Amino acid sequence: GAMRHLPYFCRGEVVKGFGRGSKELGIPTANFSEQVVESFPSDIPTGIYYGWACVGNGDVHKMVLSIGWNPFYKNIKKSVETHIIHTFKEDFYGEVLSIVITGYIRPEKNFDSLDALISAIQEDIEEAKRQLDLPEHLKLKEDNFFHLPEGKIVNNR
Ligand code: ADP
Ligand code: MG
């Protein structure tokens, strides 16, 4: 399952997504480039994960992440999208996003309504916040990965 790939370290540029309107829902998701997504293990399960994230040399924040099928490419390519649990003053397209994925919440699901989708995501966020306060997850917030010069460790190497 998902666990054998974790913790998973990844760094890459934030690119324009395909305008699902995540921001309009109050849940913007920073999308990684196709190249970064392709460097993920091909057998990592799709679904909702959590972990830590940092933009450029900024602070490390809690995040929830979705690995899913990208409708823009007719669902033949995966997309990896990070919602950072923090309010930013500005967008950060083009900046380097560093993440460590530490846990798995649930598989991808379909929802009957937008309200059902939004409340599921809010539950995911609450679950992520609780889990990330546990010592085994909290310790990764302090990982050297977030303090090393850009590019030193990319995609788990
Ligand atoms: P797109 O389809 O281009 O990914 P989104 O509606 O998902 O558009 O918004 C994502 C963008 O919002 C990110 O690329 C980033 O620049 C910005 N953003 C602002 N706050 C956050 C946040 N807390 N988490 C993720 N992205 C954020
Ligand atoms: Mg997005």
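Atoms within a ligand are numbered from 1 in the order they appear, just like the ligands themselves. This one's a predicted model, so the numbers in the text were calculated from it and none came from an experiment.
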Participant: Does Val55 reach the side chain of Val14, with side-chain heavy atoms less than 4.5 Å apart?
Facilitator: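 In short, these two side chains do not touch, never coming nearer than 4.5 Å.
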Participant: Report the nearest protein non-hydrogen atom to atom 1 (P) of ligand 1: residue, atom name, distance rounded to 0.1 Å.
Facilitator: Gly17 N, 3.4 Å
Participant: Which atoms of ligand 1 are found less than 4.0 Å from any heavy atom of Phe18?
Facilitator: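 Those atoms are 2 (O).
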Participant: Return the minimal non-hydrogen interatomic distance between Gly26 and His83, and the atom names on each side.
Facilitator: O-CE1, 4.4 Å
Participant: Is ligand 1 under 4.0 Å from a heavy atom in the side chain of Val14, in the backbone, in both, or in neither?
Facilitator: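 Looking at Val14 and ligand 1, just side chain atoms fall under 4.0 Å.
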Participant: To the nearest 0.1 Å, how far is atom 4 (O) of ligand 1 from its closest protein heavy atom, and which atom is that?
Facilitator: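 The closest heavy atom on the protein side is Asn31 OD1, 2.8 Å.
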Participant: List the closest protein heavy-atom neighbour of atom 9 (O) of ligand 1: residue, atom name, distance to the nearest 0.1 Å.
Facilitator: Lys23 CE, 3.3 Å
Participant: Identify, for atom 23 (N) of ligand 1, the protein heavy atom at the shortest distance, and state residue, atom and that distance.
Facilitator: Ile84 O, 2.8 Å
Participant: Would a distance-only check, ignoring hydrogens and angles, find a side-chain to backbone donor-acceptor pair under 3.5 Å from Lys62 to Lys129?
Facilitator: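 Yes, Lys62 side chain to Lys129 backbone: donor-acceptor pair under 3.5 Å.
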Participant: Could you find the nearest protein heavy atom to atom 11 (C) of ligand 1 and give me its residue, atom name and distance?
Facilitator: Tyr93 OH, 3.6 Å
Participant: For atom 26 (N) of ligand 1, what's the nearest protein heavy atom and its distance?
Facilitator: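 For atom 26 (N) of ligand 1, the nearest protein heavy atom comes out as Phe92 CZ, 3.4 Å.
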Participant: Return the closest protein heavy atom for atom 13 (C) of ligand 1 as residue, atom name and distance.
Facilitator: Ala30 CA, 3.9 Å
Participant: I need the contact type for His86 against ligand 1. Using non-hydrogen atoms and a strict under-4.0 Å cut-off, is it side chain, backbone, both or neither?
Facilitator: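 For His86, only backbone atoms sit under 4.0 Å from ligand 1.
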Participant: Answer yes or no: is there an ion pair linking Lys16 with Asp91, defined by an N-O contact shorter than 4.0 Å?
Facilitator: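 A salt bridge is absent here (no side-chain N lies under 4.0 Å from a carboxylate O).
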Participant: Considering only heavy atoms, does Thr82 approach ligand 1 within less than 4.0 Å through its side chain, its backbone, both, or neither?
Facilitator: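 It is the backbone that touches ligand 1; the side chain stays farther off.
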Participant: Got the closest protein heavy atom to atom 21 (C) of ligand 1, with its distance?
Facilitator: Pro28 CG, 3.5 Å
Participant: Under the side chain to side chain donor-acceptor pair (under 3.5 Å) rule, what do Thr46 and Glu108 come out as? Steps first, then yes or no, please.
Facilitator: CA-CA 6 Å; Thr46 58; Glu108 282 188 292; 3.3 Å; yes
Participant: Is any side-chain heavy atom of Ile99 closer than 4.5 Å to one of Leu65?
Facilitator: yes
Participant: With no hydrogens and no angle check, is any side-chain donor or acceptor of Arg11 less than 3.5 Å from a backbone partner on Phe145?
Facilitator: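 Checking the backbone N and O of Phe145 against the side chain of Arg11, a donor-acceptor pair under 3.5 Å is found.
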Participant: Taking both backbone and side chain into account, is any N, O or S atom of Ser22 nearer than 2.8 Å to the Mg ion (ligand 2)?
Facilitator: no
